[in-house]
Amino acid sequence: MMIENRAQLATTDARDVALACLEAGIDAGHPRRVIHEAIALEGETLHVAGATYDCSAYDEIVVLGGGNAAAHVAVALEDVLGDRIDRGVVVTDDPTETEYVTICEGDHPVPSERGVAGTRRLLEAAGTADERTLVLAAITGGGSALMAAPAGDLSLADLQATTDALLESGADIHEINAVRKHCSALKGGQLARRLAPATVVGILLSDVVGNDLSVIASGPVAPDESTFEDGRSVIDRYDLDVPETVADRLERGRAGAIPETPGPDDPAFERVSNHIVADGMTVLEAAREVAAEHGYDPLMLSARVRGEAREAATTHVAIAEEVLATGVPVSPPAVLLSGGETTVTVTGDGTGGPNQEFVTSAALDLEPGITVAAVDTDGIDGASDAAGGVVDDRTVDTSERARDALAANDVFPYLADRNGLIKTGPTGTNLNDLRVLVVAEPSAADGRTADEASRR
Ligand SMILES: O=C(O)C(=O)CO
């Protein structure tokens with residue numbers, strides 16, 4: 001993965017370091033690397049993240065799943081297993097060439113007609129599995145939108161309207177997926193139910209803070225403890241305007257008129273095991289290494305940052321300022337790293353995303369010597385075609401315009417005008433956000449002329 005506009009950026013050393021950290025983090029999380037590290041075939045024994053499966057016990061090996069990175073997982077599995085894979089279907093928005101697994105294209109973050117069609121093929125392929133089938137379930141972030149299977153009398157339009165409302169509400173991914181699982185014929189362990197009695201090996205790339213299996217891509221092969229009642233209370237909590245059919249389904253489910261998604265005691269999971277082969281830490285560790293190689297003291301703050309993006313930015317900047325001013329908790333030159341997933345409560349109608357809002361908010365009051373970059377590792381921040389942004393103390397000329405852009409949730413054009421967007425295109429992976437704050441040595445920061453520093 002190359003950051004597309006890297007050469008065009010008016011780079012300083014600090015920007016180069018920030019972008020190198022981002023690149024290394026994203027690359028480290030690519031399925032071509034993580035699958036080869038976690039999975040191997042030795043004779044008839046398949047090793048998956050420390051567990052073993054005897055392939056000779058099965059008549060066929062099938063790859064099924066979906067998510068932003070699912071096609072790349074499928075290719076990497078084909079590399080490892082070759083023609084031992086008999087067939088498969090994955091639904092993705094980042095397709096690639098495969099030999100045995102059919103790639104169906106869908107759309108993200110809002111489900112589409114082609115995603116529904118692909119998911120239908122996935123469910124058909126699942127329907128023919130039996131006790132002699134070994135299913136490798138390739139599950140990655142983005143799967144909730146991509147694997148769209150409207151439940152009961154719901155339509156695609158119902159799912160689209162509900163997704164739009166959820167994504168703009170500021171609800172976290174646990175809350176969003178509690179609703180999506182109860183509007184789907186596949187999510188919340190229902191794919192596992194359909195696959196039983198096959199043996200199912202979930203291979204997951206996690207973009208969910210805390211790695212809750214039932215939340216990653218809405219847990220198609222994981223037991224689900226969320227309920228119709230949970231889904232309904234999310235709608236109430238955020239006062240969401242969802243279609244009548246959705247409200248009605250959640251209400252009927254809550255009243256017991258629709259069966260719940262399968263929980264941990266459900267026999268559907270007797271032959272299911274799930275393995276997380278990469279998560280936000282995978283990305284942070286690689287970024288940390290690159291920061292150190294560039295002579296910076298790296299400090300990982302947390303892989304679990306969440307909450308409103310612009311507020312998280314203020315806290316990150318405060319830590320960077322402390323580093324610059326007092327060398328606490330690390331001496332500059334230093335690189336602060338964090339992962340997780342921030343959200344945006346959308347009230348305006350502009351273009352942007354959480355990482356772009358993060359850096360714009362950070363730029364509002366940035367001291368010379370601090371550079372801030374943030375991306376969504378899947379390359380798609382919010383509903384824009386940027387992965388995120390990069391800023392320093394020279395990005396904001398008058399803070400009023402930056403504040404206006406934030407108020408309108410319209411930071412994409414604001415950053416575009418200031419050479420502050422990062423574009424990667426689809427990256428082949430999806431492991432949450434990565435934020436990098438480069439803090440220069442105080443002498444380097446002080447070295448900025450008064451004129452330069454006052455251009456804010
Ligand atoms: O549910 C999804 O699709 C997500 O991106 C979280 O894994």
Side-chain angles (χ1 to χ4, degrees), residues 29 31 65-73 90-94 105-112 115-116 118-119 122 137-149 159-160 162-169 171-184 186-191 202-222 224 226 230-231 234 261 274-280 282-283 303-306 339-344 353-355 375-383 387 426-434:
N68 303 120
H72 296 274
V73 173
V90 300
V91 189
T92 188
D93 59 347
D94 187 2
E105 285 194 60
D107 292 279
H108 176 264
V110 179
S112 64
V116 171
T119 309
L122 166 63
I139 308 292
T140 82
S144 295
L146 289 157
M147 292 183 277
L159 294 191
Q160 290 170 327
T162 305
T163 306
D164 278 334
L166 285 164
L167 293 182
E168 298 204 340
S169 68
D172 71 24
I173 193 70
H174 291 72
E175 294 171 316
I176 290 173
N177 286 355
V179 177
R180 297 202 275 201
K181 284 185 268 196
H182 290 88
C183 294
S184 164
L186 162 145
K187 301 177 174 54
Q190 296 178 84
L191 180 60
I203 296 165
L204 292 92
L205 271 66
S206 170
D207 67 333
V208 170
V209 168
N211 294 346
D212 185 334
L213 296 171
S214 71
V215 177
I216 303 163
S218 294
V221 295
D224 183 32
S226 77
D230 294 331
V234 171
T261 49
N274 280 293
H275 306 277
I276 292 177
V277 296
D279 63 10
T282 314
V283 171
R304 295 158 188 259
V305 172
R306 48 202 187 271
E341 186 167 54
T342 60
T343 44
V344 170
N355 289 284
V375 292
D376 190 326
T377 54
D378 67 4
I380 304 154
D381 186 39
T427 60
T429 193
N430 181 356
L431 296 170
N432 252 330
D433 299 337
L434 173 58

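When a ligand or atom number is given, it counts from 1 through the structure's own listing order. These numbers come from the heavy atoms of this one structure, side chains and all, not from hydrogens, waters or symmetry mates. In this text, all values refer to a predicted model and were calculated from it rather than measured experimentally.
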### Task
Look at ligand 1 and say whether R180 reaches it with a heavy atom at a distance under 4.0 Å.
yes

## Note on the structure
Smallest heavy-atom separation, S218 atom then R180 atom, equals OG-CB, 4.2 Å

### Query
Closest non-hydrogen protein atom to atom 6 (C) of ligand 1, residue and atom name please, with distance?
D207 OD1, 3.2 Å

### Task
Give the residue, atom name and distance (to 0.1 Å) of the protein heavy atom nearest atom 2 (C) of ligand 1.
S144 OG, 3.2 Å

### Query
Does the pair D279 and S206 meet the rule for a side-chain hydrogen bond (donor to acceptor under 3.5 Å, both in side chains), with working shown?
CA-CA 5 Å; D279 63 10; S206 170; 5.8 Å; no

With respect to [X], determine whether any N or O atom, backbone or side chain, lies less than 3.5 Å from an N or O atom of ligand 1.
X	result
I173	no
N177	yes
G141	no
A217	yes

Under 4.0 Å from a heavy atom of [X]: which atoms of ligand 1 are those, numbered in the order shown and with their elements?
X	answer
V208	6 (C), 7 (O)
S218	1 (O)
I216	7 (O)

## Note on the structure
So for T140 against ligand 1, with non-hydrogen atoms under 4.0 Å, the contacting part is neither

### Query
Does the side chain of V283 come within less than 4.5 Å of T377's, by heavy atoms?
yes

### Message
Set out, in order, the CA-CA distance, both residues' side-chain angles and the distance that settles side-chain contact (heavy atoms from CB on, under 4.5 Å) for H72 and D94, then state yes or no.
### Response
CA-CA 8 Å; H72 296 274; D94 187 2; 3.3 Å; yes

### Of T429, D93, T92, the residue whose pairing with N68 passes side-chain hydrogen bond (donor to acceptor under 3.5 Å, both in side chains)
D93

### Query
Does one side chain, of T140 or N430, offer a donor that lies under 3.5 Å from an acceptor on the other?
no

### Message
The test is side-chain contact (heavy atoms from CB on, under 4.5 Å); show your working for H275 and L204 and say whether it passes.
### Response
CA-CA 6 Å; H275 306 277; L204 292 92; 5.7 Å; no

### Summary
Ranking G142, G143, A145 by closest non-hydrogen atom to atom 5 (O) of ligand 1, top hit is G142

### Task
Carefully, step by step, assess E341 and R306 under the rule side-chain contact (heavy atoms from CB on, under 4.5 Å).
CA-CA 5 Å; E341 186 167 54; R306 48 202 187 271; 5.7 Å; no

